[in-house]
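Below, chains carry the letters A, B, ... as their sequence lines are ordered, and counting in each starts from 1. Fair warning: this is a prediction, and the values are worked out from it, not measured in the lab.
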Number of protein chains: 2
Amino acid sequence: MSNYNELISRVKELSVIESIGGLLAWDQETFMPPKGAQLRSESLAYLSKTAHSALINPEMGSLLDSLENDNLTDIESANIREIRRSYDKATKLPTSLVEEMARHKSHALQIWQKARAENDFTQFAPALEKNLDLACQAAEHYGYEENIYDAMLDIYEQGMTVSQLDLLFAGLRKEIVPLVKAIGESTSKPDLTFLKSTSFSEEGQRDFSLRVAKAIGFDFEGGRMDTSTHPFCSGAGPDDVRFTTRYDESFPFGCLYGVMHETGHGLYEQGLSREHEGTPLGKAVSLGVHESQSRLWENVVGRSREFWNHWLSDFCEVFPDVGDLDLDTIHCAVNNVEPSLIRVEADEATYNLHIMIRYEVEKALVNGNVKVNDLPQFWNSQMENYLGITPPDDAQGVLQDIHWSMGAFGYFPTYTLGNLYASQLWEATLRDIPDLPSLISRGETQPLLDWMRTNIHIHGSRWEPDDLILQATGEKPSSDAFIRYLKQKFQHLYNLS
Amino acid sequence: MSNYNELISRVKELSVIESIGGLLAWDQETFMPPKGAQLRSESLAYLSKTAHSALINPEMGSLLDSLENDNLTDIESANIREIRRSYDKATKLPTSLVEEMARHKSHALQIWQKARAENDFTQFAPALEKNLDLACQAAEHYGYEENIYDAMLDIYEQGMTVSQLDLLFAGLRKEIVPLVKAIGESTSKPDLTFLKSTSFSEEGQRDFSLRVAKAIGFDFEGGRMDTSTHPFCSGAGPDDVRFTTRYDESFPFGCLYGVMHETGHGLYEQGLSREHEGTPLGKAVSLGVHESQSRLWENVVGRSREFWNHWLSDFCEVFPDVGDLDLDTIHCAVNNVEPSLIRVEADEATYNLHIMIRYEVEKALVNGNVKVNDLPQFWNSQMENYLGITPPDDAQGVLQDIHWSMGAFGYFPTYTLGNLYASQLWEATLRDIPDLPSLISRGETQPLLDWMRTNIHIHGSRWEPDDLILQATGEKPSSDAFIRYLKQKFQHLYNLS
């Protein structure tokens, strides 16, 4: 066997181990009986340990060394680049640090849950301090050029840096803060009475969202939809993609847009290359690009007037109690903008302000510009700056997200990158398929999916995220398209000048 | 670490790998989308290979060798005995034979499916011949004292031999064949009109059988019930036990007794020792003992008059269309005896005759006393001898079971052993708790479960099956209790003299 084939065969075995872990993690959130938790965490730990040992095997390093000077095809080079990236990430950290991080993570998670439930930041502060210290130690091992926070950003979106994000986010902030203010002052407000007067059965929500997921192309022969406390999309592989949703009978759009969001993630997975399955070329490239697919279907498609032009009659058929609902009313209702406290409940216009707050907080923490103990105050002042509101307590403020309890610093920006990429991809699609809006208004979304299949999904990790966006759209990641999209949409919806 | 602890730590890791495989296999039969099959078989193959490599590691052998001369506690000796058994089973076969068996198994399975669908034994004959040859080769490697078939029986019920089974089965046959004949000639027949005139909704069947499963002690905090084509009980471990059922709206007892059967298996798993979890002392001892638990709850309890005395009112509440059903009618209906073609649909009295036929067939095949090509004829003559009926075709005859296509020779007798053990255990329980029938007639089954917990479940594989039965009942495996049980029950039900 050639060295390349030997390396690929090891990587494919790693992928099988990861896919087993994916299935176990899915089951843990969906069907596992409560008493199964102890064995499940042992099983997941066994799989992590086995995959980690296989990855850091010195023979992997030797194979990579031997191949990097070889005459390789583009495909081979791309696989080698990504395998090297994983190998370096896994080998740069001392085992003692990896173990300490794993140990502290589950401890910190428990403390955070209690602190949030009891609305007491001081309980969480020491655990957060420790998580921050461990993340900084890891970042030093990974290495960086300008800012220690770069090493953390790179974990979740390869190549992303503070200098790039500062630029992207400054442009965004400059435009979105006044837009949200203008919306708040507008006298045009969505009419939400149909929501308040109707109960939306779980069965009906399931039926309607399954219809939508199927119609936009999710293949249920190679995937499933189930229920969990927190919706997610995972599974075992591109032919076994599993996403979840949840139901609130007083509000049908949480489920619907949750399903469209997770379906977007699922469509990416189902569109990956089978030829390269189990290797980086057959894997999604980054969290940001993944989020672009979920946000595209959830927001750009799902909250458009064209989408509802096609789906309103189905919606009224499934929920006859909404009465004679018209297109304007539902289109405005699903685009209700209002500054709010909780990120995961935020609308399309304010969402990225929540992310920017977290980005500023992380950057300041990691660089020592704010102390953990001062975080609640810092958080609240940022909320006032960006959103014009102040949390009444820390549970609804600085304690709301799980990420920091898991030591995940640098993750949040990928959510906004996903929104930016989605708008860039949407503009590029419109250039290639100018009548896409009218197709969507007839329920014909296949051309949009085909475009994503060809320009994004099939390439897997062939290029780094910013190169992929460049290849697909003709431009590097930028906030311009997103700003154009938001302004056009909300100026119209809220009658702004 | 002492050698014993080192060995146990390896065995516990093996157990984690097996438990992961258990979960994946469960998912494959319940929730996996069809296109996930390819990756699933790779994942299961990876887990098998990993577990096999860990088991045959020569260091396992050295650890066993070093410990067998040590001064060990009873517990330690029992664990060592069982680990040695697994190690020997895994190392005695040459790798080439293991690989050939695995390869041929999936091939033979496909051929059998086609042959059965097309009712054509000649298609299956060459694959069966090959499976038989491979099983005999394996048996020679395992070794045996008297009969090559002993080495196959020992795979599924350690220590079981032809000479023991010949004795058990001869006694059974002598009593059951005339009993079944007398039942057939009896003018007392169950009144099944309530079955024919009612539809039993899936929802109702699910509700009723869940009530029963809970009431007899299955802990749904540590397990689940789902749906699959072929009911089974598996899962990840004693705190994550998963069983399945299926629904036929024209016949509620397939689901109910399927659930009671699988619940019996599940109760055994849930009753295993947590102190010894992951080691042989924390594992079920054999297929026969497992089957004794399922048959106990399904037949001895579930088809008793006492059971229905308590449950009839619930049954009529869930299925009001059955009308004014009385205790005699339902008790007779669930004990309808009739010679039939298909083993898995057979009643309690004829079931073991089906097993004896398979035992005679396997023994003859393995010892060269019948040729594969003559099997349909041999099968049909046995059906005539034991049951007095002749299959109209091979699909309903010699081709009906999956076992031989998987190379599982020696498995069938464990089903009958389960029935025999169940009756022996029932008699022993009655000696300790004489008012058990009247407790059951009030729905109080906890004392029966407690007895099984104390006398069977908690011991895991501490003793070999026949010693466990001896410890629990005071006698070695025997058919006497089962014959007494059957005669008493059916002579009464069918008004036999």
Side-chain angles (χ1 to χ4, degrees), chain A residues 9 12-28 30-51 53-54 218-227 235-244 266 269-270 272 274 277-278 282, chain B residues 9 12-28 30-51 53-54 218-227 235-244 266 269-270 272 274 277-278 282:
Chain A
S9 140
K12 283 187 174 173
E13 186 166 290
L14 265 171
S15 174
V16 167
I17 302 173
E18 282 160 11
S19 90
I20 296 171
L23 202 273
L24 261 61
W26 166 84
D27 180 80
Q28 189 173 31
T30 50
F31 293 120
M32 185 186 78
K35 290 184 180 172
Q38 170 67 26
L39 176 59
R40 183 57 48 87
S41 68
E42 280 174 48
S43 301
L44 286 168
Y46 165 79
L47 291 169
S48 297
K49 191 193 72 178
T50 305
S53 306
F218 189 83
D219 177 4
F220 282 92
E221 291 287 297
R224 332 182 11 99
M225 176 172 102
D226 295 287
T227 310
D239 287 315
D240 191 349
V241 177
R242 306 186 180 200
F243 70 85
T244 66
E269 292 291 320
Q270 292 189 331
L272 292 167
R274 300 305 191 275
E277 193 171 339
Chain B
S9 141
K12 283 187 174 173
E13 185 166 289
L14 265 170
S15 174
V16 167
I17 301 173
E18 282 160 12
S19 90
I20 295 170
L23 201 274
L24 261 60
W26 166 85
D27 179 80
Q28 189 173 34
T30 50
F31 292 121
M32 186 186 77
K35 291 184 181 173
Q38 170 68 25
L39 175 60
R40 184 57 47 87
S41 70
E42 280 173 47
S43 302
L44 287 167
Y46 165 79
L47 292 168
S48 297
K49 191 194 72 178
T50 305
S53 304
F218 188 84
D219 177 5
F220 282 91
E221 291 287 297
R224 325 181 19 95
M225 177 173 103
D226 295 286
T227 310
D239 286 315
D240 190 350
V241 177
R242 305 185 181 201
F243 70 85
T244 66
E269 292 292 320
Q270 293 189 329
L272 291 167
R274 298 306 189 275
E277 194 172 340

Within-4.5 Å side-chain heavy-atom neighbours: A:Asp27 and B:Asp27 | no
Donor-acceptor pair, side chain of B:Arg224 and main chain of A:Phe31, under 3.5 angstrom | yes
Rounded to the nearest 0.5 Å, how far apart are OG1 of B:Thr50 and CD1 of A:Ile17?
-> 7.0 Å
Residue B:Ser19 versus chain A: region with a heavy atom under 4.5 Å = side chain
Is there a side-chain contact between B:Leu23 and A:Met32 (heavy atoms, below 4.5 Å)?
-> no
Could you look at B:Lys49 and say if it's the side chain, the backbone, both or neither that has a heavy atom under 4.5 Å from chain A?
-> side chain
Contacting moiety of B:Glu13, where chain A heavy atoms sit under 4.5 Å | side chain
Is any side-chain heavy atom of B:Leu39 closer than 4.5 Å to a side-chain heavy atom of A:Asp239?
-> no
CG of A:Leu24 to CD1 of B:Ile20, rounded to nearest 0.5 Å, is 6.0 Å
Provide the closest heavy-atom pair for B:Pro33 versus A:Glu221 in the form atom of the first, atom of the second, distance.
-> CB-O, 3.4 Å
So which of B:Arg242, B:Gln38, B:Glu42 has the largest heavy-atom pair count under 4.5 angstrom toward chain A?
-> B:Arg242
Could you tell me which portion of B:Asp219 (side chain, backbone, both or neither) has an atom closer than 4.5 angstrom to a non-hydrogen atom of chain A?
-> side chain
Under-4.0 Å salt bridge between B:Lys35 and A:Asp240 | no
